[in-house]
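Heads up, the thing below is written out as structure tokens.
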Amino acid sequence: MNRRLALGLGLAGLALLHTGPAATWLPQVRRRLPALAGVGYRGHVALTFDDGPHPHSTPRFLDELGRIGCHATFFVLGELLERHQWLGRRIVAEGHELAVHGWRHGNALIAPPGRLTAEIGRTADLVRAVGGVRARWYRPPYGALSLEALIAARLRGLRPVLWTVWGRDWEAAATPGSVLARVSAGLRGGATVVLHDSDHVSVPGSWRSALDALPALVDRCRLMGLNVGPLRDHDVPAALTLDRLRSALP
């Protein structure tokens, strides 16, 4: 094998190693990786929001979540959280969870080497400074994982998690009905739902379709006998832990 061919094969191998994790964006791949997809306890649905916090929209989601008595996980962008730290503090004060979405909404697959490591760490530090609690979760923009993103998340003690079902609420044609229908099609115990509390990188005003679908979505889960809440409650629910403690008592 000549040197040029060996170099070409080596570069191709490195590229495959770097981009290989991005295959988890495909539903058929995520189904084979339930932990990464966010599959959790069968009596619970994890409600998550991406791309905030934004002062024009996120407060409306917080108001609605408070009205219906539901908590969620907010995957925040560092550049927005830095500008609107008061909103991050409100998210935590109202019982919700902050998680890392990245510093900006960039594609991990085309980021220069080292940028993701720095930006994931910077966002995780900011989440802790603003919310007073160490972030537990990382979700890459577009769901595009790279090898560097996986390593950087692990070094920061972050667990990568994608989703099992989404509402495609960022689309121009999205309506509350279409969001509810898309989520309902894959809704089951253990699901992780992703919606967006901001139009920072999508069609202006697109967040309204998710906001207006939210009450009906939570009602549907509850009618199915499912609890709805943040990812922190998705693995072992408090009720199950309490039942085990009770059974251990004499």
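Quick caveat: nothing in here was measured; it's all calculated off a predicted structure.
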Worksheet item: Please, which pairs that meet side chain to side chain donor-acceptor pair (under 3.5 Å) have at least one residue in residues 150-160, sequence neighbours excluded?
Response: D125-R156, R159-D235
Discussion item. List the residues meeting side chain to side chain contact (heavy atoms under 4.5 Å, CB included) with R134, not counting sequence neighbours, and say none if there are none.
Written reply: R128
Fill in: ring pair (Phe, Tyr, Trp, His ring centres under 6.0 Å) involving H196 - partner list, sequence neighbours excluded
W170
Discussion item. Under a plain distance cut-off of 3.5 Å, with no hydrogens placed, do D233 and H44 share a side-chain donor-acceptor pair?
Written reply: no
Practice prompt. Write out all pairs satisfying salt bridge (charged side-chain N to carboxylate O under 4.0 Å, His left out) with one or both partners inside residues 95-104, taking only residues at least two apart or from two chains.
Written response: R104-E119
Discussion item. Quick check: closest heavy atoms across G38 and T164, and the distance to 0.1 Å?
Written reply: C-CG2, 4.3 Å
Worksheet item: To the nearest 0.5 Å, how far apart are CG in L47 and CG in N227?
Response: 13.0 Å
Item to complete: Could you list all the ring-ring contact (aromatic ring centres under 6.0 Å, His included) pairs where at least one residue sits in residues 110-132, not counting sequence neighbours?
Response: none
Fill in: Gap separating the CG atom of L87 from the CG atom of L62, nearest 0.5 angstrom
6.0 Å
Discussion item. Can you list everything that forms a ring pair (Phe, Tyr, Trp, His ring centres under 6.0 Å) with H200? Sequence neighbours excluded, please.
Written reply: none
Worksheet item: After noting the C-alpha distance and the side-chain angles of H101 and Y138, does the key distance pass the ring pair (Phe, Tyr, Trp, His ring centres under 6.0 Å) rule?
Response: CA-CA 6 Å; H101 199 35; Y138 167 66; 7.8 Å; no
Discussion item. I'd like to check the side-chain hydrogen bond (donor to acceptor under 3.5 Å, both in side chains) partners of E94; sequence neighbours left out, ordered by chain and number.
Written reply: R90
Response to the item:
By side chain to side chain contact (heavy atoms under 4.5 Å, CB included), V203 pairs with (sequence neighbours left out) A172, S206
Practice prompt. Consider only side-chain N and O atoms of T48 and R139, and report whether a donor and an acceptor are under 3.5 Å apart.
Written response: yes
Response to the item:
Connected to F75, directly or through other members, by ILVMFWY side-chain contacts below 4.5 Å are W137, V161, L231
Worksheet entry | F49 ring center near H96 ring center (under 6.0 Å) | no
Worksheet item: Rest of the hydrophobic cluster containing L80 (Ile/Leu/Val/Met/Phe/Trp/Tyr, side-chain heavy atoms under 4.5 Å)?
Response: L77
Discussion item. Quick one, V100 and V76 - any side-chain contact, counting heavy atoms below 4.5 Å?
Written reply: no
Worksheet, complete the sentence: Nearest heavy-atom contact between L81 and G88 is CD1-CA, 3.7 Å
Discussion item. Counting neighbours of CZ on R222 that are heavy atoms of other residues, nucleotides or ligands and sit closer than 6.0 Å, is the number greater than 12?
Written reply: yes
Worksheet item: For P230, does its backbone N or O pair with a side-chain atom of T73 as donor and acceptor, under 3.5 Å?
Response: no
Discussion item. If the condition is ring pair (Phe, Tyr, Trp, His ring centres under 6.0 Å), which residues does W103 pass it with, not counting sequence neighbours?
Written reply: none
Discussion item. Checking H54 now: which residues fulfil ring pair (Phe, Tyr, Trp, His ring centres under 6.0 Å) with it, not counting sequence neighbours?
Written reply: H56
